[in-house]
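Written below as structure tokens is the structure these notes are about.
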Amino acid sequence: MVAKSFQSMTQMCEPFVENGRMYVNVKNEKTGTIRKVRWYTDTEYAKMYGEKVNDDPLAHIKQQRVLGFQNGYVTIFKGDTYANLEWLQKSIARYCKWWGWYIVSTETVPFDLPCGLEPVKLQWELVGKEDGQLKPDHEVKAAVESILYDKGNSTFQGAVGEKLTLELEVISAHKRDSYYGEQTVHYMVDPSGNQYLWATAAKSWSVGDKYHIKGTVKEHKIIRNVETTILTRCTLVK
């Protein structure tokens, strides 16, 4: 449902998603202009106007339709989408917060797909419910990552609260802002290939660095389909 000021205008397309929000193109018949406006869910509309929308027989499947699963799937991409951002922006692909760039099931994947992008089908039953709504975000995330990323050989190490002494190599390090200020998120592996994560503002190690450390297991988490042991209170062993 669009805002009241746009409800007299002609809807020019199905609602679509950009950056995690729904929009639709509407036409002002008097001026001929077409503009993109927000498409609100029933809950959002009710909060804005204090009115409940009950007269849409397709409301229960709107999210499934809006996201492009008319044929039961959408096409998502394995590979480095960031390196091919310009092509994706100019193509028929859409973007959403749940699985990134994708092509709806009513469209054909372009023949000039860049090398390095592999199209794979994301079936609705993996991410959606029978009522046409998406599953909770964490379930959608897990389903998408199980398709986009190989599982690997990493397994959870130690028990939560247990202190471990480890030989680790940094395989990825990036900055992020947190409640405690800027942190470096370190992804590391041990000689057996098990993956660990340590986020800290106290250290900023580089990819390829190797350390002998002690750390406490904070939690176990699957990240990009890889069983990852989250560490806290890490110190170097001399």
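Side chains included, hydrogens not; waters and symmetry mates left out as well; all remaining heavy atoms used.
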Heavy-atom side-chain contact between [X] and [Y] under 4.5 Å:
| X | Y | answer |
| --- | --- | --- |
| Tyr102 | Leu67 | yes |
| Phe77 | Leu88 | yes |
| Glu130 | Glu125 | no |
| Ile147 | Leu122 | yes |
| Ile223 | Tyr187 | yes |
| Asp190 | Tyr196 | yes |
| Lys129 | Leu134 | no |

Do [X] and [Y] belong to the same hydrophobic cluster, where Ile, Leu, Val, Met, Phe, Trp and Tyr are linked whenever their side-chain heavy atoms lie under 4.5 Å apart, directly or via other members?
| X | Y | value |
| --- | --- | --- |
| Ile230 | Val185 | yes |
| Leu231 | Val207 | no |
| Trp198 | Leu166 | yes |
| Val170 | Leu197 | no |
| Leu148 | Val226 | no |

Please report the shortest heavy-atom distance between [X] and [Y], naming the atom on each side.
| X | Y | value |
| --- | --- | --- |
| Gly158 | Leu164 | CA-CD2, 4.2 Å |
| Gln183 | Ala199 | OE1-CB, 3.8 Å |
| Val160 | Glu219 | CG2-CA, 4.1 Å |
| Lys175 | Thr184 | NZ-OG1, 3.0 Å |
| Val127 | Trp99 | CG2-CZ3, 4.3 Å |
| Ile103 | Ile92 | CG2-CD1, 4.0 Å |

Worksheet item: What residues, two or more places apart in sequence or in another chain, satisfy ring-ring contact (aromatic ring centres under 6.0 Å, His included) together with Trp101?
Response: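 For Trp101, the residues satisfying ring-ring contact (aromatic ring centres under 6.0 Å, His included) (neighbours in sequence not counted) are Tyr95.
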Item to complete: Name all residues meeting the ring-ring contact (aromatic ring centres under 6.0 Å, His included) criterion together with Phe6; count only those two or more places apart in sequence or in a different chain, and write none if there are none.
Response: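 Partners of Phe6 by the ring-ring contact (aromatic ring centres under 6.0 Å, His included) criterion come out as none, since no residue qualifies.
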Counting only pairs under 3.5 Å, give me each side-chain donor-acceptor contact of residues 105-116, with atom names and distances, residues two or more places apart or in other chains.
from	atom 1	to	atom 2	distance (Å)
Ser105	OG	Gly68	O	2.9
Ser105	OG	Gln70	N	3.4
Ser105	OG	Asn71	N	3.0
Ser105	OG	Tyr73	O	3.3
Asp112	OD2	Trp87	NE1	3.4

To the nearest 0.5 Å, what is the distance between [atom1] ([X]) and [atom2] ([Y])?
| X | Y | atom1 | atom2 | value |
| --- | --- | --- | --- | --- |
| Thr235 | His212 | OG1 | NE2 | 10.0 Å |
| Leu117 | Lys78 | CG | NZ | 12.0 Å |
| Leu168 | His186 | CG | NE2 | 11.5 Å |
| Lys238 | Leu236 | NZ | CG | 8.0 Å |
| Tyr211 | Met188 | OH | CE | 10.0 Å |
| Arg224 | Lys141 | CZ | NZ | 8.5 Å |

Item to complete: Give the intermediate values and the outcome of side chain to side chain contact (heavy atoms under 4.5 Å, CB included) for residues His220 and Thr229.
Response: CA-CA 5 Å; His220 293 138; Thr229 301; 3.9 Å; yes
Worksheet item: Stepwise, does the side-chain hydrogen bond (donor to acceptor under 3.5 Å, both in side chains) test hold for Asn194 with Thr155?
Response: CA-CA 6 Å; Asn194 300 307; Thr155 57; 3.2 Å; yes
Worksheet entry | Within residues 159-172 or reaching into it, pairs that qualify as side-chain hydrogen bond (donor to acceptor under 3.5 Å, both in side chains) - sequence neighbours excluded |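 Qualifying pairs, neighbours excluded: none.
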Worksheet item: So, the side chain of Asp80 versus the backbone of Tyr82: is there a donor-acceptor pair under 3.5 Å, distance only?
Response: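 Present.
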Worksheet entry | Lys135 atom NZ: more than 12 heavy-atom contacts under 6.0 Å |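 Buried by this count: over 12 neighbours within 6.0 Å.
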Discussion item. Can you tell me if Asn153 has over 12 outside heavy atoms packed within less than 6.0 Å of its CG?
Written reply: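 It does not: Asn153 CG has 12 such atoms or fewer within range.
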Item to complete: Would you tell me whether Thr228 and Gln195 have side-chain atoms, one donor and one acceptor, within less than 3.5 Å of each other?
Response: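 Present: a donor and an acceptor within the cut-off.
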Practice prompt. For Lys90, enumerate each residue passing the salt bridge (charged side-chain N to carboxylate O under 4.0 Å, His left out) test, keeping only those at least two apart in sequence or located in another chain.
Written response: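 With sequence neighbours excluded, Lys90 shows a salt bridge (charged side-chain N to carboxylate O under 4.0 Å, His left out) to Glu86, given in chain and number order.
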Fill in: salt bridge (charged side-chain N to carboxylate O under 4.0 Å, His left out) partners of Lys121, counting only residues at least two apart
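Here no residue qualifies.
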Worksheet item: Are Trp98 and Phe69 close enough that their ring centers fall under 6.0 Å?
Response: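 Not under 6.0 Å, so no.
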